[in-house]
Amino acid sequence: METTAASKTKQTTLQISGMTCAACANRIERGLTKLDGVTSAHVNLATEKAKVTYDPQKIDVRALQAAIQKLGYDTVNEVAQLKLEGMTCAACANRIEKGLAKLPGVTSASVNFALETARVEYTPGEVTLEELQHKVRQLGYTAIVEPQRERVEERRDEEIRRQQRKLLLSAALAFPLLWSMVAHFSFTSWLYLPEILMNPWVQLLLATPVQFYVGGPFYVGAYKALRNGSANMDVLVSLGTSAAYFYSLYLTLVWYGQGGGHAPSLYYETSAILITLVIFGKLLEARAKGRTSAAIQSLMGLQAKSALVVRDGRELTVPVDEVRVGDIVLVRPGEKVPVDGEVLEGVSSVDESMLTGESLPVEKKAGDAVIGATINQTGSLRIRATRVGKETALAQIIKVVEEAQGSKAPIQRVADVISGIFVPIVVGIAVVTFLVWYVFLAPGHFAGALEKAIAVLVIACPCALGLATPTSIMAGSGRAAEYGILFKGGEHLEQTHKIDTVVLDKTGTITKGKPELTDVLPEGEEREFLRLVGAAEKNSEHPLAEAIVAGIRKRNIELPDAQSFQAIPGYGISATVEGRQVLVGTRRLLERHGVDAQQAYAAMARLEEAGKTAMLVAVDNRYAGMIAVADTIKETSRAAISRLKQMGIQVIMLTGDNERTAKAIAAQVGIDQVRAEVLPAEKAEEVRRLQAQGKKVAMVGDGINDAPALAAADIGMAIGSGTDVALETADVTLMRGDLASIAEAIVISRKTMRNIRQNLFWALGYNTLGIPIAAIGWLAPWIAGAAMAFSSVSVVLNALRLQRMKIQA
C-alpha cells in the first residue's frame, strides 16, 4: 500500500476472483469509481487485479472489498506462514495470536505452539508482512516469514487443476452426445451408433451434470451480473446453453407424455459440447495468461535464497528475508550477493550483467557498492547490508515491472467502451435472429430458429476483447525488463512509440560522466592555484567538480576546508577559502562578478574545440587561471544515435556546457542540432518549445539536474546505473546506461502497439464477421463455441509472441 504525500490518498492493489470477461472488469471498475472517497480505479482482466486510489478518511480497504463482493466477485486474501521463536508456553501462543488478530487487515491468525508456527490470513492493502513481523517483535518474540512460492501463481495453478478435472468430466459425458450427433451426418453413415445413445433419457442423464455442475459457475456469474444491472460472458453462455438444454428437456417430456416411440431431434449435445469447449478455451487461456508473468518469475529467480551473516561473532546461514540493514554479510567466490551493500573488506570482481547489461565483471574493493543478485566471481567479500527486502535494487525493479504489467494503457478504453455495451446488443441481435427465422425464413420451425439464436449468443462472447490489451502490455513490459528497460506504466509503453524527437543531455548520457582533469593553466604558482581550486570544488557534487578534486589529489596536494560554498547552476561555484573569494566557472560567472579574463579566451577556445570543458578561475575578483576537464564518449553513443536517425527520429543535444565543447562532442557522435549553455531550468522550456512545434519529445538524462525537463517531456527517460531504478521524474528507466536502449524502448513500444492493434482487430473483426455468419445459419452452435474459445486463446498466444521479440538492429 502506498501513500501519496501531495493528496494524502492511499493506493492499494486487490486480487479479484470470478471475472470472466472485459464486461466484468468494467463493472467492477465503474462500481469502485462511484464510491465516495475513491479517486480512481483500474481493473486488469489479465492479472485479475484492481488498483485503487482512495481517501482513507472517507473509505477503507474493507469497504472496497465489500463493494467488490456486492458486485458478485470475491477478493483474495494472502496467507503468511511465520516461523516463531521465543515462545515458552501456550500462553505465549495465545498472546501472539490475539496480537496479530487485532491488526487492521488481519482476517484470521492461528498460532501452533508445538510447531512454533503462525498462519495469518490478511489483506495486503491494509497490512504488510513487515508489519506482522514488527507486531510479533513488539510482543517480545521473533517472526520469520517462511519462504514460499508466489501465492498468486499457486492459486492460478490450483484453478487450472480444478478446470482440468471439470474438463475431463465434461468431455467424458459430452463425447457420447457428440457421437450420436456425428453419426447422423450422411458422410458418417458407416459409423456404428448404439441405440441406447438415441434414448432421450440417456441423453438427459449425460447432459444434466455438464449443464449444472460443470456449467454451474456460468449460472452463478450470470445471476450476479444481472442482479447488478449488467451482462457479461456468463450471461451469453448461460442463455445459449440453457435454451438448447431446456428446449430438449421440453421435447423429452412431450415424447414421454406421448408414450415414447421414435425419439425426437434433441439438442442436448449442443449445450454439453458448448460448455465443454468453453471450459477448454478457458483452460488454454489461463495457461497462456500464466506465461505472461514469466518475466516477473525470472526476475524473482535471480534473488539469492540465503545469506551468510556474522552475528555475535558467529557465522550463521539465514534466509535472505532475515537479513537486516547493518548486518555484516560474507560472500564467497561463486555466490550471489544476497542484498545491496557496501564492501568493508576484500577485493573481487562481480558480474553485474543481470542488472546493468555490462558483460565484463566489475572490480570491487572496500568502499564500493554491490547490488543484490549479482554474482561474486573471484575473491571473498565482507559487506555491510545497506538495503534489504523491498528496498533492494532487484525488488524495486520487480515492483516497477509489476506495476507496469498491472496498469491500463489508454488504448484499452476503446475495448472498455465496446465491451460495456456489447452483451446487451448481442442478446438483442439473437432475439431478432430468432424472430426473423421463426416468422419469415422458416415459419414455425422453432428448433431451427433457436439454433441460429444460440450460435449468435455463443460466438459473440467478448472474452478476446478484454484480453487484447492487458496481455500485450504484460508481455511487452516483461520483455523490456529483460533488456534493462523499465516502463513505469502501460500508458508510457503506449506513448513511447509516438516519439519523433529525442533530446539528449551530454554529461553522463552521451558521455560516460566520469571526466578527468586534463589541463591546468595558472597565472601564478600552480600548486597554490590548485590548492585553492580544489578546496572550493570539494564541496560540490557535480561530476566535473569531482574530476577536478580527484585530479588535484593525485598530485598529492592537501586541500583546506572552505569557509563558505555556493553552487550557481549553469554558471559554476563561489567559495571562500582561507579568507579569499574563489570563483570557478564560465565566462558569464566572471562577467557577473566584474572580472576581466579577456586574455584567457583564445586558449579557452582551443580547449573547447578539442571537446574539453574549460573553466575560468578568479581569486579575490582577479583572473587567476584556467583548468580543463574532458569526458570520454560512451563506446555505443555514435552507433545508437545513428540508429535513431535511421528510424526517422530527430536527435538534439541539450547541455549546459559551452557551445564549442558541445559542438565538438556532437560532431564525434553524429548529432547535427545542439543547444548549448542551457541552464537546468531552461531545459524544460526548450522541451516545451519543441512540443509547441508539434513534436513528440523524449528527454533523456540522468534524472537529477534534468528532472524538470524529464517531467516536461512527453516521455522522460532516465539513464540508470542498475541501482537507480526509482527515478521519480522518469517515465522510462534505461538501467544499462546505454543510448542504444532509447531505440530499443521505441522499438518495443512500436511492436507492442502493433500487437495490441492486431489483437483488437482480431477480436472486433471476429465478432463483426462471426455474428452475421451465425445469424444467417452458416454456423452450428458447437462450431460457434469452438470458434469463440479459439478467439481468446489466439489473442493471448499472439501477445506471447512479444516475449520472443528481437529488438537489436
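On a predicted model such as this, the values are computed, not experimentally measured, just so you know.
Minimum interatomic distance between H42 and E29 (heavy atoms only, all atoms of both residues): CA-OE1, 3.4 Å. What you find for V61 and L14 is that their closest heavy atoms are CG1-CD2, 3.9 Å. Nearest heavy-atom pair, L493 versus G476, reported as atom, atom and distance to 0.1 Å: CD2-C, 4.4 Å. The heavy-atom pair separating L204 from Y245 by the smallest distance is CD1-OH, 3.3 Å. Closest of all the heavy-atom pairs between L197 and Q203 is O-NE2, 3.0 Å. Across every non-hydrogen atom of A475 and A799, the tightest pair is CB-O, 3.3 Å.
Distance SG/C24 to OH/Y73: 3.0 Å, rounded to 0.5 Å. In this structure, the separation between CD1 on I499 and OG1 on T496 is 6.0 Å, given to the nearest 0.5 Å. For the atom pair K10 NZ and T12 OG1, the distance stands at 9.5 Å (nearest 0.5 Å). A distance of 6.5 Å separates CZ of R30 from NZ of K34, quoted to the nearest 0.5 Å. Here the CD1-CD distance, from I715 to E491, works out to 8.5 Å after rounding to the nearest 0.5 Å. Note that CG of L450 is 12.5 Å distant from CZ of F246, once rounded to the nearest 0.5 Å.
In this structure the side chain of Y54 never reaches within 4.5 angstrom of the side chain of T39, judged on heavy atoms. Proximity of P200 to L266: side-chain heavy atoms (C-beta onward) are separated by under 4.5 Å at one or more points. Residues D74 and Q69 are in side-chain contact: their nearest non-hydrogen atoms beyond the backbone lie under 4.5 Å apart. Using a 4.5 Å heavy-atom cutoff, the side chains of K49 and V43 are not in contact. Side-chain contact between V210 and S271 is absent, with no heavy atoms from C-beta onward closer than 4.5 Å. Side chains of Q211 and Y219 form a contact here, defined as non-hydrogen atoms less than 4.5 Å apart. Residues Q164 and L283 form a side-chain contact, since some pair of their non-hydrogen atoms from C-beta on lies under 4.5 Å apart. The shortest distance between side-chain heavy atoms of L206 and Y268 does not fall below 4.5 Å.
Using cut-offs of 30° and 60° on the angle between ring planes, the pair Y438 and F434 is parallel.
Under the 3.5 Å distance criterion, the side-chain polar atoms of S749 are left unmatched by any main-chain donor or acceptor of A745. Not one N or O on the side chain of H445 forms a donor-acceptor pair closer than 3.5 Å with the backbone of A442. The main-chain N or O of K806 is found under 3.5 Å from a side-chain atom of K751 such that the two form a donor-acceptor pair. A donor-acceptor pair under 3.5 Å is absent between the side-chain atoms of N77 and the main chain of E121, judged by distance alone. Between the S170 side chain and the K166 main chain, no donor and acceptor come within less than 3.5 Å of each other. Under a 3.5 Å cut-off, the side chain of N759 and the backbone N or O of A468 do form a donor-acceptor pair. In this structure a side-chain-to-backbone donor-acceptor pair under 3.5 Å is missing from Q15 to V76. Checking side-chain atoms of S477 against main-chain N and O of M474 turns up a donor-acceptor pair under 3.5 Å. The main-chain N or O of N798 is found under 3.5 Å from a side-chain atom of N755 such that the two form a donor-acceptor pair. For K452 (side chain) and G448 (main-chain N/O), a donor-acceptor pair under 3.5 Å exists by modelled atom type.
Partners of W437 according to the side-chain hydrogen bond (donor to acceptor under 3.5 Å, both in side chains) rule, which considers only residues two or more places apart in sequence or in another chain, do not exist here. Under the salt bridge (charged side-chain N to carboxylate O under 4.0 Å, His left out) criterion, R750 pairs with no residue at all, not counting sequence neighbours. Partners of F280 under the ring-ring contact (aromatic ring centres under 6.0 Å, His included) rule, at least two apart in sequence or in another chain, do not exist in this structure.
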Q. Passes side-chain contact (heavy atoms from CB on, under 4.5 Å), L435 versus F440? Steps please.
A. CA-CA 8 Å; L435 292 174; F440 299 107; over 6 Å; no

Q: Show the numbers, then the answer: is there a side-chain contact (heavy atoms from CB on, under 4.5 Å) between L32 and I68?
A: CA-CA 8 Å; L32 289 174; I68 291 171; 4.0 Å; yes

Q: Any chance you could lay out the side-chain contact (heavy atoms from CB on, under 4.5 Å) test for M19 and I16, step after step, and finish with the verdict?
A: CA-CA 7 Å; M19 293 193 294; I16 300 174; 4.2 Å; yes

Q: Show your reasoning for whether side-chain contact (heavy atoms from CB on, under 4.5 Å) applies to L178 and E269.
A: CA-CA 6 Å; L178 175 64; E269 78 283 349; 5.8 Å; no

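Around CZ of F446, the count of heavy atoms belonging to other residues, nucleotides or ligands within 6.0 Å exceeds 12. Heavy atoms from other residues, nucleotides or ligands lying under 6.0 Å from CH2 of W201 number more than 12. Remark: Y223 OH is loosely packed, at most 12 non-hydrogen atoms of other residues, nucleotides or ligands lying under 6.0 Å away.
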